[in-house]
Enquirer: 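One structure, pasted below without further comment.
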Protein chains: 2
Amino acid sequence: MAGMVEVAAKGAYHHGNLPDSLRAAAAELIAEKGTSGFSLREVARRAGVSHAAPAHHFGDTEGLLTSLATEGYRILADAMEEAARSGDDSIGRLLGTGRAYAHTALEKPGHFALMISNDQICDTNEAFVAEATRAYEALQAIIIGIRDELNPSLDVDAACTFCWASIQGLVQLSGLLDKVADDTGTTKASLDENIESFAHFLIEGMGGGA
Amino acid sequence: MAGMVEVAAKGAYHHGNLPDSLRAAAAELIAEKGTSGFSLREVARRAGVSHAAPAHHFGDTEGLLTSLATEGYRILADAMEEAARSGDDSIGRLLGTGRAYAHTALEKPGHFALMISNDQICDTNEAFVAEATRAYEALQAIIIGIRDELNPSLDVDAACTFCWASIQGLVQLSGLLDKVADDTGTTKASLDENIESFAHFLIEGMGGGA
DNA sequence: CGCTCCAACTTGACACCGTCTAGAAACTTC
DNA sequence: GAAGTTTCTAGACGGTGTCAAGTTGGAGCG
């Protein structure tokens, strides 16, 4: 264990699993220095390969970053789907899913900085769209549940947009992305408080009244 | 008029008003190519000066972009304050201010991409903080009005965060930043529709009921 | 007017970046 | 073990941000 040098994973061929190593290094770098501090050569350096190695797997910078954002949406969609499964009622599922979103953002700041940026990635990439859609539909299912259980006249599309925009705006306002927070403890706590407040506003706003 | 060559403004010294020209060129460039497509040398080129000229006024890239973001918050704060003055009641003022936010974002995509990014700018800069605070306080005043008029138990801070996050998330989700929309007409229309929906959710959520 | 001074800008250099090309290295397959 | 293919390396190119030094042109003053 202690002898393991760097890239790890006995994996497949020359270098272990280079695509995964590159994604991990990229996420780490962006979490440290923000999306503008990203550098393909620095990522290659951290993964212990030459500066041109990434190109072979991802084509160019946009390719690597799109791949990283896609991974982020896959993680997010998984977390949201799991949260949606474990709630007691619609309201509980919405609250849990909001927490899942925020906590994923907190744990994967490098991924989220990209996912949210709408810049430097190819947002028409098939896999990317598929994972992003899956995350969106996890929320949509919950909103439909709220409509059916609490308010038949609820505009599902508008409510989805509203919920998504709110939580995304909160995450961004909280400054969770770029530069990892020094004191993640209190950040996480205040974030949860805001989630609770938001849930209250959202539920009231959707006419549920509970 | 037709004879005006480029930098215009008989202005002050050598080159007219270079800082303003550089900010304008930077906003244009970011609106065209996104924050990642920004280049100090390209900005200097568009302003018709040498590649090192910007450094003399702004120090480095971060200095120029922080200055541009500050200008953006000044424009936003002005627009919000004016909208807040012209509403009939608290609800009308909130709705108008939301529209002002979104329309400013639509008109100044280069500025907003920066303001929202939390990257590439120095968010502890004094002037920057002052203008951003002014914009935030314009919203805060309205929320306080809503509390006084409609719901004495409203948590003002939480409501402010919620409103700000919602509108900011909406603007970002709408993809208004980076690449100017081809068809701004329909974009603007659907944006207004969303603003209306959001206002409904927000007002209900804050327990106003109207 | 001539002179100095100084802010505004230019020029050139440096290291770093993304990408392209050609070639080496290692694993697969027969 | 030889051929072929994928994986990665090495080097070159133009472009970028920033730093150092030099040039320009207007302002203030004798």
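Chain letters run A, B, ... following the sequence lines, proteins first and then strands; every chain starts at 1.
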Enquirer: OP1, OP2 of dC8(D) versus side-chain N and O of H57(A): anything below 4.0 Å?
Expert: yes
Enquirer: Using a heavy-atom cut-off of under 4.0 Å over every strand shown, decide if A53(B) touches base, sugar-phosphate, or nothing.
Expert: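 Touches a base.
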Enquirer: With the side chain of L18(A) defined as its heavy atoms from C-beta on, choose the nearest nucleotide among dC8(D), dT11(C), dT19(C).
Expert: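 Comparing dC8(D), dT11(C), dT19(C) against the side chain of L18(A), the answer is dC8(D).
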Enquirer: Atom CG of L40(A) and atom P of dT9(D): how far apart are they, to the nearest Å?
Expert: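 Answer to the nearest Å: 13 Å.
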Enquirer: Roughly, in whole Å, what's the span from CD in E42(B) to P in dT18(D)?
Expert: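 Nearest whole value for this atom pair: 16 Å.
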Enquirer: Look at R45(A) and dC17(C) and indicate whether a side-chain polar atom (N or O) is within less than 4.0 Å of OP1 or OP2.
Expert: yes
Enquirer: Does OP1 or OP2 of dC16(C) have a side-chain N or O of S39(A) closer than 4.0 Å?
Expert: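 So the side chain of S39(A) is outside the cut-off, no N or O lying under 4.0 Å from OP1 or OP2 of dC16(C).
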Enquirer: How long is the line joining NE2 of H51(B) and C1' of dA21(D), in whole Å?
Expert: 12 Å
Enquirer: Within the structure, does a side-chain N or O atom of R41(B) lie under 4.0 Å from either OP1 or OP2 of dC17(C)?
Expert: no
Enquirer: If you pin A55(B) and V49(A) to their nearest nucleotides in DNA chain D, which one's is more 5'?
Expert: V49(A)
Enquirer: Please report the distance, rounded to the nearest Å, between NZ in K33(B) and C1' in dG15(D).
Expert: 12 Å
Enquirer: If we ignore angles and hydrogens, is there a donor and acceptor under 3.5 Å between the side chains of T66(A) and N125(A)?
Expert: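 No, because no side-chain N or O of T66(A) sits under 3.5 Å from a partner of the opposite role on N125(A).
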Enquirer: Is it true that the side chains of H200(B) and D155(A) contain a donor and an acceptor less than 3.5 Å apart?
Expert: no
Enquirer: Could you tell me how far apart F58(A) (CZ) and dG18(C) (P) are, to the nearest whole angstrom?
Expert: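 For the pair F58(A) CZ and dG18(C) P, the rounded distance is 15 Å.
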Enquirer: Could you tell me the separation between the NE2 atom of H56(A) and the P atom of dA10(D), rounded to a whole number of Å?
Expert: 16 Å
Enquirer: Measure from CZ on F38(B) to C1' on dT18(D) and round the result to the nearest Å.
Expert: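 Checked: the CZ to C1' distance equals 13 Å.
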Enquirer: Hey, is the main chain of G63(A) close enough, under 3.5 Å, to the side chain of S67(A) for a donor-acceptor pair?
Expert: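 No, S67(A) side chain to G63(A) backbone: no donor-acceptor pair under 3.5 Å.
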Enquirer: With a cut-off of less than 4.0 Å, is there a side-chain N or O of S50(A) near OP1 or OP2 of dA10(D)?
Expert: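 So the side-chain polar atoms of S50(A) never come under 4.0 Å of the phosphate oxygens OP1 or OP2 of dA10(D).
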Enquirer: Is the closest side-chain heavy-atom distance between L64(A) and F38(A) below 4.5 Å?
Expert: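 They are in contact (side-chain heavy atoms under 4.5 Å apart), so the answer is yes.
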Enquirer: Within a reach of under 6.0 Å around CD of E82(B), are more than 12 heavy atoms found that belong to other residues, nucleotides or ligands?
Expert: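 Result for CD/E82(B): open.
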Enquirer: Using atom CG of L64(B) as one end and atom C1' of dT18(D) as the other, report the distance to the nearest whole Å.
Expert: 14 Å
